[in-house]
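Since the structure comes first, as structure tokens, the remarks are kept for the end.
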Amino acid sequence: QVQLVESGGGLVQAGGSLRLSCAASERTFGNYAMGWFRQAPGKERDFVAAISRSGDNTYYKDSVKGRFTIARDNAKNAIYLQMNSLKPEDTAVYYCAAAAGRDYVPLFEYDYDYWGQGTQVTVSS
């Protein structure tokens, strides 16, 4: 069972930045495409960003394009989400997820096999 642990969430003012990290226990981390999802209060979990196994391909939710950047470091078994120009509507619990053996960038919850507990991001206006 792959364990994923998110960190880096917190409270920031609108326009500020946060960098989320996700550490994976899996020794074959490079075999997993990785993604970030978020869930705002009273809403369903939504896709935010994903990155292929090699890191060559990424995909973003339209509302975060140009503001968020997903990256991975396979040597450290970790992925990151750099979030700039944060808006109050970015407030949510952010989840890290892993998808085994995907050649493409997975975009849907059902593509993913393992999930972290989430980290809270709150953006105040």
Side-chain angles (χ1 to χ4, degrees):
Q1 194 80 5
V2 176
Q3 292 183 318
L4 304 171
V5 180
E6 303 96 336
S7 62
L11 174 64
V12 296
Q13 296 285 337
S17 298
L18 283 174
R19 190 182 194 229
L20 305 184
S21 298
C22 174
S25 64
E26 177 59 52
R27 294 183 177 181
T28 57
F29 178 73
N31 291 333
Y32 292 81
M34 301 293 295
W36 288 97
F37 289 73
R38 67 188 183 187
Q39 187 170 26
K43 296 185 178 180
E44 295 182 353
R45 183 182 288 169
D46 287 333
F47 171 82
V48 177
I51 189 166
S52 63
R53 292 181 295 170
S54 67
D56 290 340
N57 300 108
T58 58
Y59 193 86
Y60 298 90
K61 177 182 176 70
D62 283 345
S63 63
V64 309
K65 288 180 179 177
R67 300 190 297 122
F68 291 11
T69 303
I70 187 171
R72 69 187 299 156
D73 187 339
N74 288 349
K76 295 182 178 179
N77 291 356
I79 65 164
Y80 309 94
L81 186 68
Q82 179 66 46
M83 305 186 294
N84 299 325
S85 302
L86 283 162
K87 304 175 181 179
E89 49 263 47
D90 295 318
T91 295
V93 176
Y94 283 70
Y95 296 90
C96 173
R102 304 291 196 272
D103 290 334
Y104 58 94
V105 180
L107 307 179
F108 307 104
E109 288 191 49
Y110 60 74
D111 287 323
Y112 291 86
D113 303 294
Y114 304 102
W115 296 82
Q117 268 73 50
T119 185
Q120 178 70 49
V121 172
T122 303
V123 184
S124 63
S125 58

Exercise for review: Give, for atom CD1 of I70 and atom CG of N57, the distance between the pair rounded to the nearest 0.5 Å.
Suggested key: 12.0 Å
Review point. Using the ring of each side chain (for Trp, its six-membered ring), is Y95 parallel, tilted or perpendicular to W115, with breaks at 30° and 60°?
Key: perpendicular
Review point. Closest heavy-atom contact between I79 and G35?
Key: CD1-O, 4.1 Å
Study note, to complete from the structure: Here the pair of heavy atoms bringing Y112 nearest to P106 is OH-O, 2.8 Å
Review point. So W36 and F68, side chain to side chain contact (heavy atoms under 4.5 Å, CB included) or not? Walk me through it.
Key: CA-CA 11 Å; W36 288 97; F68 291 11; over 6 Å; no
Study note, to complete from the structure: Residues at least two apart in sequence or cross-chain that pass salt bridge (charged side-chain N to carboxylate O under 4.0 Å, His left out) with D90, listed by chain then number, are R38, R67
Study note, to complete from the structure: Note: A14 and S125 closest approach over all heavy atoms is CB-CA, 4.4 Å
Point to revise | From L86 atom CG to S17 atom OG, the distance as rounded to the nearest 0.5 Å | key: 6.0 Å
Check your understanding: What is the ring orientation for Y59 with F47, classed by angle as parallel under 30°, tilted 30 to 60°, or perpendicular over 60°?
Key -> tilted
Point to revise | Residue pair G8 / L18: nearest heavy atoms and the distance that separates them | key: O-CD2, 3.7 Å
Exercise for review: Please answer: with hydrophobic residues joined when any side-chain heavy atoms are less than 4.5 Å apart, are Y94 and V2 in the same cluster?
Suggested key: yes
Review point. With no hydrogens and no angle check, is any side-chain donor or acceptor of E6 less than 3.5 Å from a backbone partner on G118?
Key: yes
Point to revise | Value rounded to 0.5 Å, distance of CD in E89 from OG in S63 | key: 8.0 Å
Exercise for review: Work out which heavy atom in A98 is nearest to a heavy atom in M34; give both atom names and the distance.
Suggested key: CB-SD, 3.5 Å
**Study point:** Residues forming a salt bridge (charged side-chain N to carboxylate O under 4.0 Å, His left out) with D56, sequence neighbours excluded
**Key:** none
Point to revise | Cluster check L107, L81: I/L/V/M/F/W/Y, side chain < 4.5 angstrom | key: no
Check your understanding: What pairs with K76 under salt bridge (charged side-chain N to carboxylate O under 4.0 Å, His left out), at least two apart in sequence or on another chain?
Key -> none
Practice item. Report yes or no: is the cationic atom of R72 (NZ for Lys, CZ for Arg) under 6.0 Å from the centre of the six-membered ring of F29, at an angle within 45° of the ring normal? Key: yes
Check your understanding: Does a sphere of radius 6.0 Å around CD in Q120 hold more than 12 heavy atoms from other residues, nucleotides or ligands, not counting ones at 6.0 Å or beyond?
Key -> yes
Check your understanding: Above 12 or not: heavy atoms from other molecules or residues under 6.0 Å from CD of Q39?
Key -> yes
Study note, to complete from the structure: CD (Q82) and CG (L20) are apart, to the nearest 0.5 Å, by 8.5 Å
Check your understanding: Are Y80 and V105 joined in one hydrophobic group, where the rule is that I, L, V, M, F, W and Y side chains link up if heavy atoms are under 4.5 Å apart?
Key -> no
Check your understanding: So how far is it from F37 CZ to K61 NZ, rounded to the nearest 0.5 Å?
Key -> 11.0 Å
